[in-house]
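By convention here, the first residue in the shown sequence is residue 1.
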Amino acid sequence: MSDREFTIVRVFDAPRELVFQAWVDPDQLTEWAGPQGFSAPRDRIVVEPRVGGRYDAVLVSDADGSSYPTAGVFREIVAPERLVFTWSDPTGKESVTPESVVTVTFAETHDGKTSVSLHLLAPGPLSAEDGAEDGWAQSLDRLAALLRL
């Protein structure tokens with residue numbers, strides 16, 4: 001299968017700086033990273049928000065405790081406008097391997113909200129059924145709920 005990609009756009013009822021910060025602050029990431037039914041324990045998240053800095057996160061299934069590590073490197077950080085980072089399974093076992101590139105842009109709207117566009121480019125042979133798009137969409141749902149608190 002050739003490269004595939006998807007884009008998810010969401011509008012958050014929060015200022016752009018707050019939404020951006022939620023992506024680079026591990027204390028906030030633990031509250032929203034991962035799809036429904038998964039948690040991201042704070043002690044299993046590392047974020048170095050600088051170009052060349054890494055991030056590591058382990059998502060844990062609430063149902064059975066199984067772990068799903070993800071990791072990457074920040075390629076571009078333009079606060080509070082844009083993040084570009086790689087995304088993969090550092091163990092090489094799961095479906096997010098080989099390395100994908102995620103680009104997240106944060107745009108202010110005229111009414112003080114923030115439009116976020118998440119674009120993922122995944123090299124083949126990932127299938128459309130790997131769950132990545134749905135997982136990211138659910139994570140963004142969780143972020144929206146966090147920002148409403």
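Looking at residues two or more places apart in sequence or on another chain, you find a salt bridge (Lys or Arg N to Asp or Glu O under 4.0 Å) between E48 and R50, R54. Judged as a salt bridge (Lys or Arg N to Asp or Glu O under 4.0 Å), and not counting sequence neighbours, the contacts of R42 are D27.
Annotation: side chain of P123 is in contact with side chain of S100 (closest heavy-atom distance under 4.5 Å). Under the 4.5 Å side-chain criterion, counting only non-hydrogen atoms from C-beta, T103 is not in contact with R75. Proximity of V47 to F74: side-chain heavy atoms (C-beta onward) are separated by under 4.5 Å at one or more points. You'll find the side chain of L147 stays beyond 4.5 Å of the side chain of D13, heavy atoms only. Using a 4.5 Å heavy-atom cutoff, the side chains of F6 and L118 are in contact. Looking only at side-chain heavy atoms (C-beta outward), E108 and E17 come within less than 4.5 Å of each other. Residues L18 and F12 have side chains not in contact (no heavy-atom distance under 4.5 Å, counting atoms from C-beta outward). The shortest side-chain heavy-atom distance between V60 and R44 falls under the 4.5 Å cut-off.
Residues V51 and I77 approach most closely at CG2-N, 4.0 Å, considering heavy atoms. Taking every heavy atom of both residues into account, V24 and P49 meet most closely at CB-CB, 3.8 Å. Heavy atoms only, all atoms of each residue included: A33 and S139 are closest at C-OG, 4.0 Å.
For the side chain to side chain contact (heavy atoms under 4.5 Å, CB included) criterion with H119, the lone passing option out of V102, I8, V9, T7 is T7.
From F20, atom CZ reaches atom CZ of R82 across 11.5 Å, with rounding to the nearest 0.5 Å. Distance check, rounded to the nearest 0.5 Å: CD of Q21 to CZ of F106 gives 10.0 Å. A distance of 6.0 Å separates CZ of F38 from OG of S66, quoted to the nearest 0.5 Å.
Distance alone, capped at 3.5 Å, is enough to place a donor-acceptor pair between the Q138 side chain and the Q36 backbone. Listed for the R142 side chain is a donor-acceptor partner under 3.5 Å among the backbone atoms of G34. A donor-acceptor pair is defined here as one N or O able to donate and one able to accept, closer than 3.5 Å; such a pair exists between the side chain of T86 and the backbone of V73. Put simply, the side chain of T114 gets close to the backbone of R16: a donor and an acceptor are under 3.5 Å apart. A donor-acceptor pair under 3.5 Å is absent between the side-chain atoms of T30 and the main chain of P26, judged by distance alone. At least one donor-acceptor pair closer than 3.5 Å links the side chain of W32 to the backbone N or O of A22.
When the side chains of ILVMFWY residues are joined at heavy-atom separations under 4.5 Å, either directly or via intervening members, L146 and W23 end up in a single hydrophobic cluster. Hydrophobic clustering, with ILVMFWY side chains joined whenever heavy atoms are under 4.5 angstrom apart, groups I45 together with Y55. The hydrophobic cluster containing V104 also contains L140, counting ILVMFWY residues as joined when their side-chain heavy atoms lie under 4.5 angstrom apart, directly or transitively.
Using cut-offs of 30° and 60° on the angle between ring planes, the pair F85 and W136 is tilted.
Side-chain contact check for T70 and Y68: no donor-acceptor pair (N or O, by modelled atom type) lies under 3.5 Å.
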